[in-house]
Number of protein chains: 2
Amino acid sequence: MSRPLDHLDIKILRLLQENATHSVADIASKVGLSSTPCWKRIQRLQMDGVITGRVALVDQEKIGLGLSVFVFIEAGEQTKEWQASFATTLRGMPEVVEVYRLAGDYDYVLRVVVADMKSFDRFYRRLIKTTELKNVTSRFAMEKIKAITALPVVPPPPQATP
Amino acid sequence: MSRPLDHLDIKILRLLQENATHSVADIASKVGLSSTPCWKRIQRLQMDGVITGRVALVDQEKIGLGLSVFVFIEAGEQTKEWQASFATTLRGMPEVVEVYRLAGDYDYVLRVVVADMKSFDRFYRRLIKTTELKNVTSRFAMEKIKAITALPVVPPPPQATP
DNA sequence: GTTGAAAGAAACCGATC
DNA sequence: GATCGGTTTCTTTCAAC
């Protein structure tokens with residue numbers, strides 16, 4: 001990270017995380033800057049990898065993917081190789097949209113997005129066939145209460161100056 | 001939904017979900033269409049609410065949010081009112097980026113994004129102070145293996161025509 | 001940081017085949 | 001659906017302050 005974010009960067013990130021269709025001039029006026037420096041800041045945020053991309057979001061229901069399932073998994077083995085191979089497998093499965101390795105009694109959580117129970121069953125069979133797993137528990141989402149892509153950008157805590 | 005998605009819509013959605021910075025002309029040539037009809041399809045997908053927005057994605061680590069925590073919750077009460085009030089509370093908390101109501105032994109999963117353990121503790125105290133909860137279990141993410149916003153757009157299964 | 005300007009690219013939208 | 005054309009808006013860059 002080349003430079004810590006200042007207040008203006010934070011404002012820019014908040015706006016772009018909510019809506020990336022605004023023009024640079026729009027954003028500039030909202031953060032209280034003129035277009036040129038605002039454009040340069042956005043460029044820099046992209047070059048620095050703070051902004052990783054711009055994407056369109058799609059309504060899950062509207063494309064027929066009515067079911068979200070959280071799958072909790074205990075690893076088959078506790079080795080680096082097993083972990084790497086499992087990660088590769090999951091990255092190749094498009095219905096798996098989130099995977100975190102956890103501390104605690106489960107090793108992994110997945111969020112899986114499918115059309116219905118039948119599709120999930122097909123996914124599930126494919127998953128357990130591909131990899132040796134010790135335990136798999138699936139919990140079905142009844143309702144999506146909240147799902148945002150905007151992260152809470154906050155100023156970094158003041159550094160102690162020794 | 002006014003019209004089912006055809007193969008071209010699906011291709012467009014796949015491209016825009018990966019990268020929304022492509023020009024219409026780009027997308028058009030990739031899906032094998034000319035600009036105008038491609039532009040009209042994108043407009044329609046937006047009007048129909050299939051595309052819900054375009055956002056910038058931000059690197060969680062780069063803005064100092066090093067910790068993701070999954071919080072599992074058993075509801076304090078099983079009433080509509082409790083559910084609604086709990087949902088409102090969570091929607092007002094920016095560090096809570098995902099909330100699903102689940103079937104099974106836990107009623108809710110949250111994904112919470114914070115800078116560190118200290119910040120999480122502050123969040124946790126705020127959460128349990130605000131709402132009466134029967135049980136709260138926090139599981140910490142050690143590693144983000146995968147997190148994509150692109151949903152697996154698939155053609156709808158052929159309808160039975162009776 | 002600011003303003004202003006200017007080239008090129010895109011979005012937008014109608015008309016026509 | 002394709003192609004054309006034209007208006008408008010935005011991006012991007014470069015000056016000068």
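Naming convention: chains lettered A, B, ... in sequence-line order (proteins, then strands); numbering from 1 in each chain. FYI, side chains are in, hydrogens and waters are out, and symmetry mates aren't considered; it's all heavy atoms of this structure.
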Listed partners of A:Pro37 passing side chain to side chain contact (heavy atoms under 4.5 Å, CB included), at least two apart: A:Leu33, A:Ser34

Expressed in angstrom and rounded to an integer, what is the separation of B:Lys40 atom NZ from C:dA11 atom C1'? 14 Å

For B:Arg41 and D:dG1, give me the distance from atom CZ to atom C1', rounded to whole Å. 9 Å

Partner set under side-chain hydrogen bond (donor to acceptor under 3.5 Å, both in side chains) for B:Glu95, not counting sequence neighbours: B:Arg126

Does A:Asp26 or B:Leu33 map to a spot on DNA chain D nearer the 5' end, using the closest nucleotide for each? B:Leu33

As a test of your reading of the structure, name each stem of DNA chain D as range with range, where a stem is three or more consecutive Watson-Crick or G-U pairs at under 3.5 Å. C:1-11 with D:7-17, C:13-17 with D:1-5

Readout for nucleotides 11-17 of chain D: B = base within 4.0 Å of protein heavy atom, S = sugar-phosphate only, - = neither; 5' to 3' it is SSSB---

For B:Asp6 and B:Leu8, indicate whether the former's side chain and the latter's backbone hold a donor-acceptor pair under 3.5 Å. yes

For B:Asp9, give me all partners under salt bridge (Lys or Arg N to Asp or Glu O under 4.0 Å), at least two apart in sequence or on another chain. B:Arg3, B:Arg41

Go through the structure and list residues passing side-chain hydrogen bond (donor to acceptor under 3.5 Å, both in side chains) with A:Arg101, not counting sequence neighbours. B:Glu143

Pairing residues for B:Ala103 by the side chain to side chain contact (heavy atoms under 4.5 Å, CB included) criterion, not counting sequence neighbours: A:Met142

Of all residues at least two apart in sequence or in a different chain, which pass the side chain to side chain contact (heavy atoms under 4.5 Å, CB included) check with A:Lys144? A:Gln60, A:Ala147, B:Tyr100

Return a table of donor-acceptor pairs under 3.5 angstrom between the side chains of residues 82-90 of chain A and protein atoms on other chains or two or more places apart.
from: A:Trp82; atom 1: NE1; to: A:Glu132; atom 2: O; distance (Å): 3.3
from: A:Thr88; atom 1: OG1; to: A:Ala84; atom 2: O; distance (Å): 2.9
from: A:Thr89; atom 1: OG1; to: A:Ser85; atom 2: O; distance (Å): 2.9

